[in-house]
Amino acid sequence: RYVDACPDDADGHATLGLCLLALGHPDAGEHFARAAAIEPENRLHAWNLAAAAHGAGHPSRCYLALCRYLSLPAPPIEPDAAANERAARAYMAEYERQSRLCHPEQAPETVARADDLAAAARANL
């Protein structure tokens, strides 16, 4: 009810996303994506979006969210920032390795964006 009443509250969407993620609900990613759209400079929203995409089996969406996460400056206090950055870089390196094997002529980010668009189109059918 809260996000219905306050649709532009990033923290509301992020909190609902966390609850849905804990329940294994597929809509968690939508709320993290909304939070990230409202507050694009917030690294936590990008990290949560990556976690939801990874859990939902969307590697390209996870990769893109991690690209965003690493492109943003870390706040002065971010719990587990170093560990999260190591995990993000490791995931991204593996995604890029696999992407180059399958599509050597394309940049991994281009492949990820195309895959993500195709997945979104399939979901809307």
Side-chain angles (χ1 to χ4, degrees):
R1 285 188 244 162
Y2 179 79
V3 295
D4 286 340
C6 302
D8 294 328
D9 184 350
D11 288 334
H13 282 283
T15 301
L16 179 55
L18 287 172
C19 293
L20 294 173
L21 187 64
L23 295 171
H25 197 281
D27 290 344
E30 292 177 32
H31 289 283
F32 292 137
R34 181 73 180 131
I38 295 167
E39 290 182 350
E41 71 290 345
N42 188 318
R43 276 176 41 123
L44 184 57
H45 299 324
W47 178 259
N48 288 339
L49 180 56
H54 185 266
H58 298 292
S60 57
R61 188 168 299 150
C62 179
Y63 175 81
L64 293 170
L66 291 175
C67 287
R68 180 75 183 143
Y69 171 78
L70 290 175
S71 75
L72 296 169
I77 298 174
E78 180 181 335
D80 302 320
N84 289 352
E85 287 183 15
R86 283 192 304 275
R89 291 185 197 291
Y91 183 91
M92 291 173 65
E94 179 58 19
Y95 182 92
E96 290 168 357
R97 184 187 73 77
Q98 291 181 17
S99 176
R100 287 188 180 103
L101 287 172
C102 296
H103 306 281
E105 71 289 349
Q106 297 293 324
E109 191 168 341
T110 301
V111 173
R113 290 192 187 290
D115 286 349
D116 194 44
L117 286 172
R122 285 191 302 272
N124 289 328
L125 292 178

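When reading the values below, keep in mind they use all heavy atoms of this one structure, side chains included, and skip hydrogens, waters and symmetry mates.
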Checklist entry - Of the non-hydrogen atoms in Ser60 and Tyr95, which two are nearest, and what is the gap between them? => result CB-OH, 3.5 Å
Next on the checklist: Check Arg34 with Asp8, please: is the shortest side-chain N to carboxylate O separation under 4.0 Å?
Outcome noted: yes
Item to check | Heavy-atom side-chain proximity of Tyr2 to Asp9 below 4.5 angstrom | outcome: yes
Checklist entry - Can you find a heavy atom in the side chain of Cys67 that is under 4.5 Å from one in the side chain of Met92? => result yes
Checklist entry - Would you find a donor on one side and an acceptor on the other, under 3.5 Å apart, between the side chain of His103 and the backbone of Pro108? => result no
Item to check | Hphob cluster co-occupancy, Leu18 + Ile38, side-chain heavy atoms under 4.5 angstrom | outcome: no
Checklist entry - Does Arg68 use its side chain to pair, donor to acceptor, with the backbone of Ala50 at less than 3.5 Å? => result no
Checklist entry - If every non-hydrogen atom of Cys62 is compared with every non-hydrogen atom of Ala53, which pair is closest and at what distance? => result N-CB, 3.5 Å
Item to check | Distance (rounded to the nearest 0.5 Å) between Leu117 CG and Arg122 CZ | outcome: 10.5 Å
Checklist entry - Would a 4.5 Å heavy-atom cut-off, applied to side chains only, mark Asp11 and His45 as touching? => result yes
Checklist entry - Is the closest side-chain heavy-atom distance between Trp47 and Leu66 below 4.5 Å? => result yes
Item to check | Any residue meeting side chain to side chain donor-acceptor pair (under 3.5 Å) with Arg113, in chain and number order, not counting sequence neighbours | outcome: Glu109
Checklist entry - Going from CD on Glu85 to CG on Asp80, what distance comes out if it is rounded to the nearest 0.5 angstrom? => result 11.5 Å
Checklist entry - When rounded to the nearest 0.5 angstrom, what distance separates NE2 in His31 from CG in Leu21? => result 12.0 Å
Checklist entry - Which heavy-atom pair separates Gly17 from Phe32 by the least distance, and what is that distance? => result C-CZ, 3.2 Å
Next on the checklist: Please report the interatomic distance CG(Asn84) to CG(Leu44), rounded to the nearest 0.5 Å.
Outcome noted: 9.0 Å
Checklist entry - When rounded to the nearest 0.5 angstrom, what is the spacing between CG in Leu49 and CZ in Arg61? => result 7.5 Å
Checklist entry - Taking all atoms of both residues into account, what is the closest heavy-atom pair of Ala46 and Ala65, and its distance? => result O-CB, 3.6 Å
Item to check | No-hydrogen, no-angle side-chain donor-acceptor test under 3.5 Å, Tyr63 and Asp115 | outcome: no
Checklist entry - Got Glu94 and Arg97 here, is their nearest side-chain heavy-atom distance under 4.5 Å? => result yes
Item to check | Straight-line distance of Glu41 CD to Leu72 CG, nearest 0.5 Å | outcome: 8.0 Å
